[in-house]
Protein chains: 2
Amino acid sequence: MAGSTLRDVARRAGVSIRTVSNVVNGSVPVSDELRVRVQAALDELDYRPNLVARNLRRGRSGMIALVVPELDVPYFAELAREVITAARAHHYVVMLDQTDGDGERERELLGRESRATMFDGLLLSPLSISADELRRRTNRVPVVLLGEHIFNGSFHHVAIDNVVAAREATEHLLGLGRRRIAAIGDQPYSTGETAQLRTTGYRQALERAGLTVDDELIVPTPRFHRHLGAQAMERLLALPEPPDAVFCYNDLLAIGAMHTLTRAGVRVPDDIAVVGVDGIQEGRYSSPSLTTVAPDKAAIARTAVSTLLGVIDGSAPVPTETKAPHRLVVRESTAGARTD
Amino acid sequence: MAGSTLRDVARRAGVSIRTVSNVVNGSVPVSDELRVRVQAALDELDYRPNLVARNLRRGRSGMIALVVPELDVPYFAELAREVITAARAHHYVVMLDQTDGDGERERELLGRESRATMFDGLLLSPLSISADELRRRTNRVPVVLLGEHIFNGSFHHVAIDNVVAAREATEHLLGLGRRRIAAIGDQPYSTGETAQLRTTGYRQALERAGLTVDDELIVPTPRFHRHLGAQAMERLLALPEPPDAVFCYNDLLAIGAMHTLTRAGVRVPDDIAVVGVDGIQEGRYSSPSLTTVAPDKAAIARTAVSTLLGVIDGSAPVPTETKAPHRLVVRESTAGARTD
DNA sequence: CATCATCTCTGCATCGTTGCAAAGCGCACG
DNA sequence: CGTGCGCTTTGCAACGATGCAGAGATGATG
């Protein structure tokens, strides 16, 4: 029951511990005769290396942590999937934690008694923590930031170009002939940088089209959840002059918005076209299916993981700001065709 | 940069390593004078305990692994969220891995060179691996199984009562007056036990209502994904006598099915009522919103974690089969009211 | 035949922490 | 004043693995 150790195997095979280790690792040549004998002992005792001990000796754990606000938000679940896959390609495993966007939890994560030291590095998708704090707390552990916040070059960072993504989404709506385009999801305060970038892109698109931005059409939401999208849409429908299209800052907001529209008998896209961001699977089977700006999550994950591993092995000391690709996926919610 | 150790702190404070350790852990009393001095040294050097070393010494890692088929399947993401939360309450962290339902991956997970030894225990949601194999491979690591497969009492196991859940879902449809009720998601082969249990419940409900089961209405699907639900529904619509209700073995199948129905101009629930299983958030904002049998995921997670920890500390040697609660959540997809 | 290079194999030290037992110290008590 | 008790503090060993340097054995070479 209690796992056997190198010592047990060595005793059984009548060789030194070191020789068993050599057989297990295969790095140092071992004579055929001994190898066979040791291998037999390994099999009989069903030896499994104690990775904790190995890690201590090697100074590496082979584990990274991925910290996201909420794992049950599809975007993060899908991203986590890709991160796990990308990490596996480098023989790394991934510990997952979620902060619920709670700054306290984020801080605790990096604090004195945290488990952070167990990991070779951290992939962090911070919501509430400030750049200063992060800097103060991460002087030990290699960190790569994902998608959120701007930390003006002091951190490794992987994200899509949010301004461009938002501009393209809005331009797509303009291309349909819509002129009264709303935006759902602005976050005009210090930790809402991502949202603000999307607002910037939205404004750019309208201005380039020679339209004036109607601030009434920009509805802020504290988070990016379905029910907040639904609420925001209600507010927009109550306007004297409702919009004819909505750019939602993520797909969940868009799905919430479409929920409100469907209930209100407003046709999508005929009366109001809807576009989201994130490219989550849910949007492919919603009714109507959702047009979205889809970040290349696999690319984000691969880049983030390899950047992090670079920091870990010291080959990437200078913070890099990587822009990951995205593409517009057009579906029914902005298609010319009727929904039903 | 390189983290300071107990030795460094001890040197600086002019005390023994052991005393520093005592201050850090707080378990053994230390005189005020020394504690202050040591604490100062700890702060100055920003000491963080090396958890790998601590784990080696203590023989516990404080980590469990959660292995699910696919993390981007909402049910598993939501379950993972609860598991992480439940584990945190016990000061445990959770490593996440996914197998893609690939038996090879599941086997590898338990194999010789796996990371399994790094964890104190495993929460496993197996898809393809057989009971025998699992038994052969898990003689070392404490394991609790989640929701899938039947392993006739040789493993700790937490799941809802699938037969009852399926029966209740079907009875709900019967209660609406529907009489031609289809089922989507059967898996009539060795690793599809969960699906088979749901088929059993479905049959029970029909038989108790004095109806005969029309095997044509039971559409198998190899997995529980949206597009397979959509395909299955197409098949049902093509029948000479289509159903007036569908029980889908999970919410994704149901959402796929509703997608097909909406496109085909079939009204839900007026023409065909739909019910799913899993209680994922997506179903609350789908159009129409989805009636579902919702397992209490938090309860499943709590039970699974505390059972696992019981196995780990040896206080729960006999395999327990726990039935977690579930409840029927009625929404638009089976409501009397019109959708639009 | 002596010498040296080569190839296996081994023992020791070490990673950073904690368990254990005993040392050191002060104080109360006979 | 000596003994014993309780409290704090310490040194040593150990968790299980690997790096390193060196010991043996073997073969090649002059």
Side-chain angles (χ1 to χ4, degrees), chain A residues 1-39 41-42 45-63 112-120 140, chain B residues 1-39 41-42 45-63 112-120 140:
Chain A
M1 181 69 196
S4 43
T5 72
L6 283 183
R7 193 200 336 267
D8 303 329
V9 178
R11 243 196 298 261
R12 176 157 196 129
V15 297
S16 77
I17 292 178
R18 204 60 185 72
T19 298
V20 180
S21 170
N22 288 338
V23 171
V24 170
N25 289 293
S27 45
V28 177
V30 174
S31 69
D32 288 349
E33 188 211 330
L34 277 198
R35 190 194 356 268
V36 169
R37 218 163 77 211
V38 169
Q39 191 58 55
L42 285 170
L45 294 178
D46 191 22
Y47 169 81
R48 319 264 178 122
N50 179 322
L51 297 181
V52 175
R54 181 180 283 176
N55 291 343
L56 173 60
R57 185 60 243 232
R58 291 189 179 163
R60 285 275 177 88
S61 69
M63 301 190 289
R112 172 71 50 89
E113 271 303 317
S114 90
R115 308 255 172 185
T117 56
M118 222 169 0
F119 308 107
D120 295 343
R140 287 256 193 296
Chain B
M1 183 69 196
S4 43
T5 72
L6 284 183
R7 188 191 351 256
D8 303 329
V9 178
R11 242 197 297 261
R12 176 157 195 130
V15 297
S16 76
I17 292 179
R18 203 60 185 72
T19 299
V20 180
S21 171
N22 288 338
V23 171
V24 170
N25 289 294
S27 46
V28 178
V30 174
S31 69
D32 287 351
E33 190 212 328
L34 277 198
R35 187 190 0 263
V36 169
R37 219 163 76 210
V38 169
Q39 191 58 54
L42 285 170
L45 295 177
D46 191 21
Y47 169 80
R48 318 266 178 121
N50 180 323
L51 297 180
V52 175
R54 181 180 283 176
N55 291 342
L56 172 59
R57 185 59 245 233
R58 290 189 179 165
R60 287 275 176 88
S61 70
M63 300 189 290
R112 174 68 52 88
E113 271 303 317
S114 90
R115 309 256 172 184
T117 56
M118 222 167 6
F119 307 107
D120 296 343
R140 286 258 192 296

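Each chain gets a letter, A, B and so on, in the order its sequence line appears, and its residues count up from 1.
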Nearest-Å distance for atom pair [atom1]/[atom2], residues [X] and [N]:
{"X": "B:Asn22", "N": "C:dC20", "atom1": "CG", "atom2": "P", "result": "13 Å"}
{"X": "B:Arg58", "N": "C:dG16", "atom1": "CZ", "atom2": "C1'", "result": "12 Å"}
{"X": "B:Arg7", "N": "C:dT17", "atom1": "CZ", "atom2": "C1'", "result": "11 Å"}
{"X": "A:Leu56", "N": "C:dT18", "atom1": "CG", "atom2": "C1'", "result": "13 Å"}
{"X": "B:Tyr47", "N": "C:dG16", "atom1": "OH", "atom2": "P", "result": "10 Å"}
{"X": "B:Ile17", "N": "C:dT17", "atom1": "CD1", "atom2": "P", "result": "9 Å"}
{"X": "B:Leu42", "N": "C:dT17", "atom1": "CG", "atom2": "C1'", "result": "14 Å"}
{"X": "B:Arg54", "N": "C:dC15", "atom1": "CZ", "atom2": "C1'", "result": "16 Å"}

Between the side chains of A:Asp120 and A:Ser61, does any donor sit under 3.5 Å from an acceptor?
yes
Could you give all pairs that pass the salt bridge (charged side-chain N to carboxylate O under 4.0 Å, His left out) test and reach residues 14-23 of chain B, with sequence neighbours left out?
none
Run B:Thr5 and B:Asn50 through side chain to side chain contact (heavy atoms under 4.5 Å, CB included) and show every step you take.
CA-CA 8 Å; B:Thr5 72; B:Asn50 180 323; over 6 Å; no
Would you mind reporting whether A:Val52 and B:Leu56 have side-chain heavy atoms less than 4.5 Å apart?
yes
B:Met63 and B:Leu51, any side-chain heavy atoms less than 4.5 Å apart
no
Kindly say if A:Ser16 contacts the phosphate of C:dT10, meaning a side-chain N or O under 4.0 Å from OP1 or OP2.
yes
Can you tell me if A:Arg18 touches the phosphate of C:dG11, counting only side-chain N or O atoms and a distance under 4.0 Å to OP1 or OP2?
no
Which value, rounded to the nearest 0.5 Å, describes the distance between B:Leu42 atom CG and B:Arg37 atom CZ?
12.5 Å
Compare every heavy atom of B:Gly3 with every heavy atom of B:Asp8, then report the nearest pair and how far apart it is.
OD2-O, 4.5 Å
Touch check for B:Val52, heavy atoms < 4.0 angstrom, all strands: base, sugar-phosphate only, or nothing?
nothing
Assign A:Ser31 to base, sugar-phosphate, or nothing according to its heavy-atom contacts below 4.0 angstrom with the strands shown.
sugar-phosphate
Is any side-chain N or O of B:Arg57 under 3.5 Å from a base N or O of C:dT17, one able to act as donor and the other as acceptor?
no
Can you give the first and last nucleotides of DNA chain D, 5' to 3', that have an atom under 4.0 Å from a heavy atom of chain A?
D:dC15 to D:dC20
